[in-house]
Each structure stands twice: as C-alpha cells, then as structure tokens.
Amino acid sequence: MAKLTLAQWLSQAENNRRFMENVKAVKEIPPREAVYADFPPWVHEGLRAVLRSQGVERLYSHQAEAVALVRQGKNVVLCTPTASGKTLCYNLPVLQRILEEKETRALYLFPTKALAQDQMHEVQQLVAGLNEEIGVFTYDGDTPDDARRAIRNRGRIVVTNPDMLHTGILPHHTKWQKLFTNLRYVVIDELHVYRGVFGSHLANVLRRLSRVCRFYRQDPVFICCSATVANPREHAEALLERPVSLVATSGAPSAAKVFFLYNPPVVNRELGIRQSALTPASKIAADLLENSIPTIVFATSRLNVEVLTKYLKDRLDREDPGQRSIVAGYRGGYLPELRRRIEAGLRNGEILGVVATNALELGIDIGDLEAAVLCGYPGSIASTWQQAGRAGRRTGLSLVVLIARSSPMDQFLMENPEYFFARSPEFCRINPDNLMILVQHVKSAAFELPFEAGETFGGENLEEILELLEGKGVLHRVGKRWHWSAETYPADEVSLRSINPRNVVVVDATKTGEHKVIAEVDWDSAFTTVHDGAIYMVESRQYHVDRLDLERNTAYVHAVDVDYYTDAMTYTKVGVLEVFDGRRLETALVEHGELKVTSKVVGYKKIKFYTGENLGYGEVDLPEKDMHTTGYWFTVPHEFLLDLPYNQSEIIDGLAAVAYALHHLAAMTLMADLRDLDRAVGEKGGEWFLRTGPARGAFPLTAAGDAPSVPEAFDPTIFLFDAYPGGIGFSDLLYERHDYLLGAAERLIASCPCPSGCPSCVGPTLEVGRRAKETALAVLALLRSKP
Amino acid sequence: MERLLRGLFGTGQMGRVGPAVPLCEGRGRHLSLREAVPGEEEENEGGTCYAVRRLIPGKWRHGGRLVRDLARLDMGLASVLAGDAVLNEMRVHDALFLDTETTGLAGGTGTVAFLVGLAWFEGEDLVVRQLFARDFDEEGAVLSSLGAVLRERGFIVTFNGRAFDCNLLQTRFIMNRLPNPLEGVPHLDLLHPARRLFSHRLASCSLGALEEAVLGVRRSGDVPGWEIPSLYFRWLRHGDASALSAIFDHNRLDLLSMAALARVLGEVLDPEGEGENTPPGVMVRAGRLLLSRRRIDEGRRHLERAAACRDDEAAREARRELSLLYKRAGRWDEALRVWAEMVGEDPGDLFALVELAKWWEHRGGEPARALELTLEALKVASGPSLDDLNRRRGRLEKKIRRRGGEG
Ligand SMILES: [Zn+2]
C-alpha cells in the first residue's frame, strides 16, 4: 500500500464521513508573509557577517523593534509565536554589547537544563563565527566542580535555570563578583512557564537578584520571551517589579496549519459516557505513523503517556511486527540519559513517533514533526498552542488534532470552538507575596545580604516578617540591620517547583541483589502513584509497588504483566481558620479566607485496560497531609436543603455534583490549570467531610473511614481552594464571581445531553450517584432563587 | 498574617534553629565579656571590635615540646611543605598563624567569621591576638585589624585555610566592601602536607586527630567545633559570655597546635632530624614529598634510611622508590643492589624480579638470565601484568633461539 503524504492523508480524512462526524471544528490557519526590517546601523560588522552566513539577511520587524528597545535600556517582553526567531532578540544585543565592552556579562535563565543546553549551543555557534574569545557556558547541577571556577570568572554569557540561581549562585554571589559587577543583561525565556507557584517563587528570586545587583551597583536590562498569553506585559511587570515594554506583533512568516477539534462519540447514552480520548488518539496517531508522517502525541498525564505508548506499540506491531520501536514515550521522571537518547532518535529519524507530557512542549529540539495529536485539552490555551507548535516548525503543511476528553473543560471547548480560536488565551497569575513563599525567600535574601531598616521586599510588611524571623532565631538585629544568624543554608530548604523538595525514588527489586532505580516521583504525587499495591508504569512496562517506604523516600517495585492500572482515591477535609470577607445571600453564606486542608489517600481502584472496567479496590495506609491555604466557599443552611424532595444522601450527592461542575468552571474562568485548584464538600468547622466514590457519604471526623452515619443536622459547605500552601491568590477572584459561577454551572449541567449525569457535567454517576444531575440542578435552583 | 505565619511554621517549614545547649539553665548569673575573656576594645577605620592578646611564653610546653622550640622551624623545609619557594627567603618570625571561628560550615555569603585568631613569634614567645566581633556590626573592624596585623608579617600558616578560612574571609571582605589583604600572600596550608605524610596512619586528618597522634596533645574540656556556632548565637541573643571563653581557648589551642604541627612536619622532612622517632612509613612519604619538590638529595636520604628499617612494608616501599630513583639517575650498580636485596629477602617480589629482568635483557645482555627471572615472576604475577610478562617471555625466547642459531 502506497504511503500518503500529509496533504493526501488530510483530503482522505476530510472525505471520511465517520471521521468527520466527530470533528467539531476545522480551522485552516493560512501561511503568513514575513515583514522585514534592516539591521540597525549600530550592529557590529562581524555579527552581521555571522548572521548572514546563517541566512539572516535582515531582521523580522519584531526583532528590530525588540533590539532597538533593549539598546535604549528598556526592559522588554517579547510575545510572538513559536519559531519566530525570539532568541535573536536577546543574542544580538548581548553579543553586540560584549563586542563593544569586553567585560560585559549576561545571565540567561531557562526553565529546564535541556533548554539551557540547547541555547548554549546556539550562542556558541554565533560566537564561533565571530572569532572572539567569548565564554558561553551552562551552569547547573551537572556542571563539574573543576569547571565552576572558570565559568564564574570567564563566562561572558552564563546560561542557567532559576533553581541554580536560587541555590547555587545568589547565596554565593561573592564568588560571582565578576559576573555581578559587569551584569548588563538578564534574559528570561519561556516567561509564561513562571506562573502560579513557580512564578511566585521566581518573582522572589528576582527580588533577591535585584538586591545583589544593587550591592554591586548594577541595574541590568531584562529581556523576556513568552508564549502568547493574554497579559504578557502585566505578567512580566509582576515578575520583574519594574516597567516593561511589550513587543507583540510578529514579523515572522508561518506555515499553513490545519487544526481539528475532535470529540469522541458517546458510547453509552444513558451514562453519558464518551469513548475514551485514548482510543481515537492512538488510532489517528498509528494511522499517521503507518504513512511515515512524523507525529507527536501529547497526553495530559504521565499515566496516559504510558497507556498510549503501549496502545500505539501494540497497534503498530499488529500491522507490521517490528515496528514498535519507532514509537517512544517521553515524560518527566525518565532518567536524563534515556530522555537524551529519545531526543536524538527523533532528530535522526530512528524514532518517528513520540508520546509525551508537556515536558516536551518547550523548545527542546526534536527535529521536524508534521502532526501533533493532543489527547485531551492540556489545561491552558497557551500550552495548546505550544504543543501545536511542535508540529511543522519548518515544513510546509502541518496538522493538529485536539481530542476532547469528557471533562467539562474539554467539552466546553468542543461546544464553543470560537472560545479557543478567537479569544485571547489565558492570563498568567502569580502571588509573590504568598507568605509561605515570601518568608522562605526573605530568609535566603538575608543570608545573601543583611536587610536594612526601611528596605522593602515585595508588598507585605517586611519589618514584621523580619521580626518574626528574629523571634524564631534565624535572624539577628543589630542597629539598623538584620543579619542571618543560623547555621543552615536556607536556599536548600526551598524547592521552586513544588512546595516539598523531597522526592521518592522508585526502585526495581525484581531481582534480589540487583536493585535498580527506574524513576523519581515528587513527594506529593508519590502518595497517589506509588502507594502500596499501585501499578506504576515506566516506558509502558508495568511494575507492582510492593512497599512505599516514606522514611527512606523509596518505593520498592517488581515487574509484572497485568491487564489493569490503578487510580488512587483520596478524601479531603477542610476547616475554616479565618474569614477575610463574607456576604449573606437569601439561601447561602458566601465567604473567602484562610483554610486548613487535610487530605489522605485511603485506597485505590483497579481499572482494566481498554474497557475501563472497575476490577476492584485496595486499601492504602498513608499519613494525612496538612496544608494551610486560601479559598472561597459558601454554606447552605440545612433547613433549606431539607425542603427539597430528596433524601439526605441524594442531597449530599447533589452537593458533590455542584462542586464538581464549579471546580471545572472556576479553573476555566480563571484560566488556571485544573490542578491549581481543589474542591471539597464538608462542614466549616471541619467536623464532617464528604467522600465521593463507591463508599461515598458524609462522615464524622472522629470516625473517619468507619461506618457512614448521616448527620442529624449540619450546614454543608462547598469549598474551592488554592491547591498550594499559603494560596496563590485565586480565591478572592472566585468570591467576586460567585453569581457568575453558579449561573455557568446551571447552564453547563442543564445543557449537557446526558440523561442523569456524566463526567462532562456533574461527574461520573458511579461517583456521584444516579440522581446527581437532577439534585444538582435542584440545589442550584435553590441557591439562585431570588426573594 | 501573624497566624498564617504561625500556621506555616507550625508544620515544620522552618529550618532547624536554636542552641544545642539549654539556655542559661543552672547558671547563677550572666558573665560579662570582660569577666569571661579579659581584653580590650579596639578602634580602627573599620569601626570597633574586641581584641584579646595573650602571650604564650617560650618555656611553656605543648604536647612534648617547648614553645620556644616551635620557633625553630626550618624555612627551607617550610617552603617544601608549602610548595612555594618564596618561603625560603622568609624568617619564621614572618609567619602569621591564622584560624577563624565561624557561624557555620554551610559556606556562602551568610556565614560569618566572628572570631579571627592570629599568632606569631616574638623572640621565643608566641603572641596570640584574637579579634572578636561582639556583634555582626563589628566585622568590619575585625577585618581591618586583620589587615593591619598581616602587613607586619610575610606569610600565613593555616590548617585547611585554602578551602575554608581564606575562602570565607575573601567573601567577608567583599561583603564589607574592603580590599582583601590576603590576596597574593604566600600561604602554608598544613592540611595538605599533613595528609601526604600521615593519612596512611590516621582515620581522619583533622587537627584534633593529628594533635593526638602526632603532637601528643590531649585536650580536656575543649568545646567541640560543631557546638561553636550555637554558642555564639546564644551570646548574641542573651549576652551571656560564660560560654565564650571556651571558644577563645579552643581557637588559641588551634593556633598553638598549628605552630607545633608546622614544626613537626618540618622535622619529619629534615634528613638530619631525630630519625628514630619518625616511623618508617612516614619517612617514605617524606622522601616522596621532597622528591616531588625536586629536593632529590634530601628525599633520597629519607628513602635510604627507611630502606634500612625493620618495618618490612615501609622498607619495601622505600627500596622500590629508591631503586627507581637510582635507575632514573643512571646509578645502575646501586639500583641492582637494591633489587637483589629485595629478591634476597622475598624471592617472589614481583617488582624487583621484573626490574631485574628488564636490566638483564636490555643492559646486562644476558637474555637467558632475564628469561629465568621472567619465569620466576610469572609464578607470582596476576592480572594485566601477566600479559606483559608473557610478551617479555616470548621476546626473550625468540632472542635466545636466534642467538643459539648464530652460535
Ligand atoms: Zn452530562
């Protein structure tokens, strides 16, 4: 059978009625012509020559605009599409300045080591053509000790990541005297990655960087690049805390792209269950690969990467045995060596298809791919465009297929494609004054340079924090200064990426005496992925977790071959610590403030491959986890609920169903990741909590896990809260949008085609009960009734 | 915010803090600094700090030695220890012994040297000057004072100063916007030669371990180093100086031990020294150190002495080094004698057998003899040396056959 080109494949697909029935929208994005500008007159002749030798005769208009602003000493954020030549916008002014003043230094920040490596090679190529001694180095955890001193002294451009700046550079700034006394530029690429907790941390690391620069009497210019988000300038200014100029009109050409929104068909009308997104994803991807069309498949979780890789390998094997090696999985948690091997395989064509999490959505060079299959909405529109951008960076035509899951967010997109194509994507938000984050960085900042009275560090009252830390004994005040006065190294106590820096290693103990580390899992996800009895998958191989040893931070596993995977069940209980603001409505009390959230993994489900059938449950005994955070909630007096024509457990199901819909809509409204928020139904005093799932019901706190008993009388509360200790600043926004959220929830549930509830509106009926849709609508009607 | 902060810290987010000793329990009253550690305020361009001066008279003993004897350090040998010929042109009275007490071992910009101990010889006495920052704002004065003392001396002597004290002080000078007077000053860091000479005999090469094993010093009631930061923090917070004198004593003992160690290391290198006291293993290492500094003659004398010792292991090592030294110098007779001795003592000494075989093959012109030795060596060889020996055997057998044909 002759292989099809992508264009042929597309026209065949468009004539396939069964395929097109599920395609909710087709968007053809036309190619765009380039807009050029001449090199500014100040650009060094040698630099021009190097660029010309790389085929750059002129600049794109946005490049010219950006370099002119930088030249004027303005901080710049560049917000143009993938592959629009953003790196030149900083490499050009930086190299120019180094050619003019030999001692000039620049610091480049990338969110990952791999991106830093890529960028170092790119700059080194430019430098090689210049015939000048310009040291360009990466500096990260992998840098050998004997190379570090040379890099500190000779590196003109030091390429690193925020974590290394935080733990390795700033607390040792005296060793970096050469860099800091000559630091003219700081480059921050992938700016949109720094949102939520990571962004809040980075903003504080940059506060510390600014303090250190001031000490060396430097005020560097910041050059930032971002994927297309709605508020690049606002976000850059929030991160940098200084004015920033925006360059957003791209002059780069772009290739034609065809974008499909694909909604898998409903397979069980009664339960409102759609075909799993994994099925069409593997089918479409396999079809593309069989035609030798290089394809990347994005999955939304590590688990799905493994499942999809297995499906794809199985499918390719059936068609043509031996073909399974042309597909590889790629995700965080794989050891670096394996990742490098897969990247190289993609570049040299040995690997034609890759199944990845968003670990690959950033600019790691994996060569030219023609098609991207997105198995599920990645959770943000910026991510969607970035993932889409991995296909067809240089080729003529490319294809993107976004396949919806049954989640409310995905379904909302399928019903409202214009939201996706026409509307500007989401906002990046950070809360650098989150106290938990702030205080940790105040400690690191004091370690780096004593605080002076009257100094500021973010928006909170610094002196109050300094006094508190003095009371804790880690700072000591003398005269007008607070000095670090503890033996510890505070930067080591903070991880910028997760609240808990601990990791759990997964050890394969299949062969006694030959234990092998096969992966690492961060502390928080360890509870749900490598608990006792879990099936953990790496490279689509299955491992049974024999024991999770929290003291040793190790999970011991052995290889198995089973037909199911596992999904952890957790319960969450919430207590109100402080109310910031509240208002009483006719049928509810709406509030926001501070919460204490306790969660515990109580068990897991075994789910059969392909059918999704539930094969049984297992119990897990893990400690509870506590978190202080901020949230929004509303409480319904029970007497109103008792008036509804449903029994207690049905009402509880209805409340859980409302919370489910609100959670998804809130994330969407805030344009936040679903995982940035969490939900719970319970009682404000934390005396009761509700559990969903097969053993669902209301439970008193004292007898958690024992026989369910229906509360005589308590006023249930629905909580939506920031899923990070200390809060990320979403809750007051939700509080203000309470009425909007309830209205949207009512519309979502009422317009869902399912008869009695489904994952797209109120959650799976197995978890929320058979009458959840009906009771949820009744609860919402009650809440929205006007006097 | 207060409560949220408390909530955050309540869950163990805060680093481990606090003194290792209970606060002021069982103590009648606070001692003032002057009571605990008599000294005086010093004022200089960096501000004010507290300075303590003590004279350790030449007639005092430290371990087995008189203090005045410590001043007899041979500067030629000191330059060998430091690996820096500049010391040859200095006098022992140019030495500034330096040791700091710090707020931690974590390194980085948040670690402070709150006590800088300095010592030097005046006549036959050792003068100790300890500069103390009573609080963080006195650091500038401590550093300035250090600079002033250093200007009067020619080089510094430390124990692990390259990696620790000088590194830390470099940071402190930058943090205080002061030029670093230590830059470019000749530096004898005793840790490195001590390691080369003694690490084979000691589990640890800390100053404490060397004191016990080499200097014959036993400290009693000394404050352990790891406790020092918390004692200083306790002083900062509660103004109780009673624990401080222990830190000053500790620091002074460190300085004194450094002076003693420098003298002992010099002695060990001295081929004219009292050889009976130096263990043969150390002698071999002293020889090696001298050889690596191109002091061939002195190095050879150490090796010769060690080779004559009863200690089999050390003697064998020494002979091996020595024979190679002779070989390099083309003193074949002496080399042959040593190898013969080695084989005489141990007929299975692989090293000597191989060297002898090489000699008889290439210089002695008796391949049969060389083959005999090679076959002998093959009986005891293992691993990669087997291949070499078999190759040699093949070559020799061919040679012998060829000769037989000729003859
Ligand atoms: Zn539904």
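Residue numbers begin at 1 in each chain, while the letters A, B, ... track the order of the sequences.
- Residue K596(A): no heavy atom, backbone or side chain, is found under 4.5 Å from chain B.
- Between F248(B) and F132(B), the distance separating the two ring centers is shorter than 6.0 angstrom.
- If you check the side chains of H441(A) and R208(A), you find a donor sitting under 3.5 Å from an acceptor.
- Ranked by heavy-atom pairs under 4.5 Å with chain B, the list E448(A), H483(A), K175(A), R481(A) is led by H483(A).
- Residues Y735(A) and Y632(A) keep their aromatic ring centres 6.0 Å or farther apart.
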Working for side chain to side chain contact (heavy atoms under 4.5 Å, CB included), residues L165(A) and L170(A): CA-CA 6 Å; L165(A) 180 60; L170(A) 290 174; 3.9 Å; yes

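- The parts of T171(B) that come within reach of chain A are both its backbone and its side chain, each placing non-hydrogen atoms under 4.5 angstrom from that chain.
- With a threshold of 4.5 angstrom between heavy atoms, F233(B) approaches chain A through side-chain atoms but not through N, CA, C or O.
- Heavy-atom distances place the side chain of Q177(A), and not its backbone, under 4.5 Å from chain B.
- At a cut-off of 3.5 Å, with distance as the only test, no side-chain donor of E43(B) or T48(B) sits close to an acceptor on the other residue.
- If you measure heavy-atom distances from D135(B) to chain A, the contacts under 4.5 Å come from the side chain alone.
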